[in-house]
2 protein chains.
Amino acid sequence: MATAEYTLDSVRKALVRQEDTIVFALIERAKFPFNSLTYDHNYLQIPGFCGSLVDFVVNNTEGVQAKAGRYKNPEENPFFPENLLSSLVPSYPFTQILHPGAASININKSIWKIYFHDLLPLLVASGDDGNYAQTAASDLSLLQAISKRVHYGKFVAEVKFRESPQDYEPLIRAKDTEGLMKLLTFKSVEEMVKKRVEKKAVVFGQEISLNSNDDKKGKSKFDPSVASQLYEKWVIPLTKEVQVEYLLRRLD
Amino acid sequence: MATAEYTLDSVRKALVRQEDTIVFALIERAKFPFNSLTYDHNYLQIPGFCGSLVDFVVNNTEGVQAKAGRYKNPEENPFFPENLLSSLVPSYPFTQILHPGAASININKSIWKIYFHDLLPLLVASGDDGNYAQTAASDLSLLQAISKRVHYGKFVAEVKFRESPQDYEPLIRAKDTEGLMKLLTFKSVEEMVKKRVEKKAVVFGQEISLNSNDDKKGKSKFDPSVASQLYEKWVIPLTKEVQVEYLLRRLD
């Protein structure tokens with residue numbers, strides 16, 4: 001058994017590793033064109049189901065993964081919690097370091113909106129290749145990776161709080177959202193994260209050939225700036241939103 | 001609409017792009033330890049279901065994707081075809097270039113055995129972190145990527161056949177499996193593919209930091225030689241097996 005440890009260092013490492021997962025998932029979604037019928041509410045005609053093909057795939061795949069125990073891990077947060085059946089697997093002793101209030105924090109509805117409204121149009125080419133199920137499956141992988149990263153803010157906030165409760169407690173008691181946000185913001189770290197993510201996007205996105213001169217021609221599987229934009233505009237601010245939400249409940 | 005074109009060049013490009021998908025999926029599975037309970041037939045107790053957690057996740061996720069139309073694309077082949085419901089989406093005009101006999105070729109049973117018996121033990125570290133649902137989901141992504149690559153042999157065989165039917169027809173009529181295998185084998189190309197895959201595994205597997213000197217220390221998210229072994233021992237031979245199977249039916 002290797003239960004997760006949560007320390008400032010382990011949390012930092014987990015966040016760095018999750019960047020790779022997000023970049024891979026961006027590249028894999030960008031393999032398909034937009035495939036707008038995946039998102040069209042009038043396309044699917046399934047008795048008893050109302051929604052688009054991506055709604056159908058995400059809902060039902062989350063259902064399968066829920067039964068298999070995915071959401072027993074406090075690091076995971078579903079997009080459609082209202083529809084989930086309970087886990088059918090024996091429970092596993094996941095490390096519980098979060099305040100119980102953490103369970104009520106789920107901002108996947110915001111992530112969902114941003115994903116389809118803002119991110120996808122930046123990421124993918126227009127067009128239709130008929131691979132709607134595969135497109136929806138790769139949407140789900142990317143959504144899950146982004147959601148995990150953003151909600152990891154709960155763990156970030158907890159380890160920061162434990163490091164220096166004296167800095168946080170007065171702000172929490174005063175419900176000083178702005179003060180908490182300020183305390184959690186390190187512009188230079190955020191800049192570094194953005195730059196590292198863009199570098200990962202360049203390296204993992206490049207077309208590799210055996211002749212190493214060819215690699216430098218800069219052909220890429222997607223636009224690497226989309227990865228840093230994703231972090232700058234959405235992942236970093238939403239993670240801080242989760243941290244603040246968590247801290248506001250931390251002394252309840 | 002951008003229906004797929006199948007030419008020697010487009011097929012080659014698709015195979016090269018699929019290498020990236022396979023390497024990403026290897027890295028993502030290697031993020032989790034072995035998690036043996038995922039594969040334990042005595043672990044799950046689901047009424048009406050007999051099998052391991054990975055059987056459950058793959059069966060049911062394939063079921064969702066089948067309803068969403070995944071297997072209408074002749075490039076896709078399910079692992080559990082016996083359990084699939086039909087697609088619930090309107091049909092899409094996928095390019096049909098394969099001989100109808102192609103539909104009966106599905107060697108996913110071999111891929112499944114090799115995956116769990118040979119590949120996984122090479123790829124992942126021992127241990128258990130409780131993330132069985134996530135492990136099974138990443139097994140499925142990797143299995144699907146390998147399966148797609150191997151069954152792409154049908155398209156490879158078809159475009160090769162169309163280029164020079166005169167070379168293939170006598171061997172097909174004589175059911176000369178060995179002769180066909182010889183005609184399909186280009187050792188130098190296979191060597192190049194293996195090397196390119198290993199290079200991709202090195203580049204995509206490396207831990208990227210902003211200080212570029214650090215990148216060269218060679219820390220990796222997995223053992224890159226596993227990717228080239230996968231190609232050498234299984235992907236390349238199985239793809240040729242699919243090609244031969246396809247060609248043997250080509251004149252029916």
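So you know, we letter chains A, B, ... as the sequences are listed, proteins then strands, and number each from 1.
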[options]: which one forms the most heavy-atom pairs within less than 4.5 Å of chain A?
{"options": "B/Ala25, B/Ala136, B/Gly63, B/Ala68", "result": "B/Ala68"}
{"options": "B/Thr21, B/Val89, B/Leu88", "result": "B/Thr21"}
{"options": "B/Met192, B/Glu76, B/Lys221, B/Lys200", "result": "B/Lys221"}

| Residue A/Arg12 excluded, over 12 heavy atoms near CZ under 6.0 Å | no
| task | Output yes when a side-chain donor or acceptor of B/Lys199 lies under 3.5 Å from a complementary backbone atom of A/Ser209, and no otherwise. | result | yes
Examine whether an atom of [X] lies under 4.5 Å from a heavy atom of chain A, and if so say whether it belongs to the side chain, the backbone or both; otherwise answer neither.
{"X": "B/Asn60", "result": "both"}
{"X": "B/Lys72", "result": "neither"}
{"X": "B/Glu19", "result": "neither"}

Within the structure provided, determine whether [X] and [Y] are in side-chain contact (heavy-atom separation under 4.5 Å).
{"X": "A/Asp128", "Y": "B/Tyr92", "answer": "yes"}
{"X": "B/Asp129", "Y": "A/Phe94", "answer": "no"}
{"X": "B/Val57", "Y": "A/Lys67", "answer": "no"}

Region of [X] in contact with chain B, defined by heavy-atom distances below 4.5 Å:
{"X": "A/Leu53", "result": "side chain"}
{"X": "A/Glu75", "result": "neither"}
{"X": "A/Tyr43", "result": "both"}

| request: Would you tell me whether B/Gln134 and A/Gln65 have side-chain atoms, one donor and one acceptor, within less than 3.5 Å of each other? | output: no
Straight-line distance of [X] [atom1] to [Y] [atom2], nearest 0.5 Å:
{"X": "B/Leu210", "Y": "A/Glu191", "atom1": "CG", "atom2": "CD", "result": "10.5 Å"}
{"X": "B/Lys13", "Y": "A/Glu207", "atom1": "NZ", "atom2": "CD", "result": "9.0 Å"}
{"X": "B/Arg70", "Y": "A/Thr135", "atom1": "CZ", "atom2": "OG1", "result": "10.0 Å"}
{"X": "B/Glu28", "Y": "A/Glu28", "atom1": "CD", "atom2": "CD", "result": "10.0 Å"}

| field | Whether B/Phe24 and A/Phe24 hold their rings parallel, tilted or perpendicular, with breakpoints at 30° and 60° | value | parallel
| Can you list the steps and then say if B/Phe204 with A/Asp20 is a side-chain contact (heavy atoms from CB on, under 4.5 Å)? | CA-CA 9 Å; B/Phe204 303 152; A/Asp20 298 46; over 6 Å; no
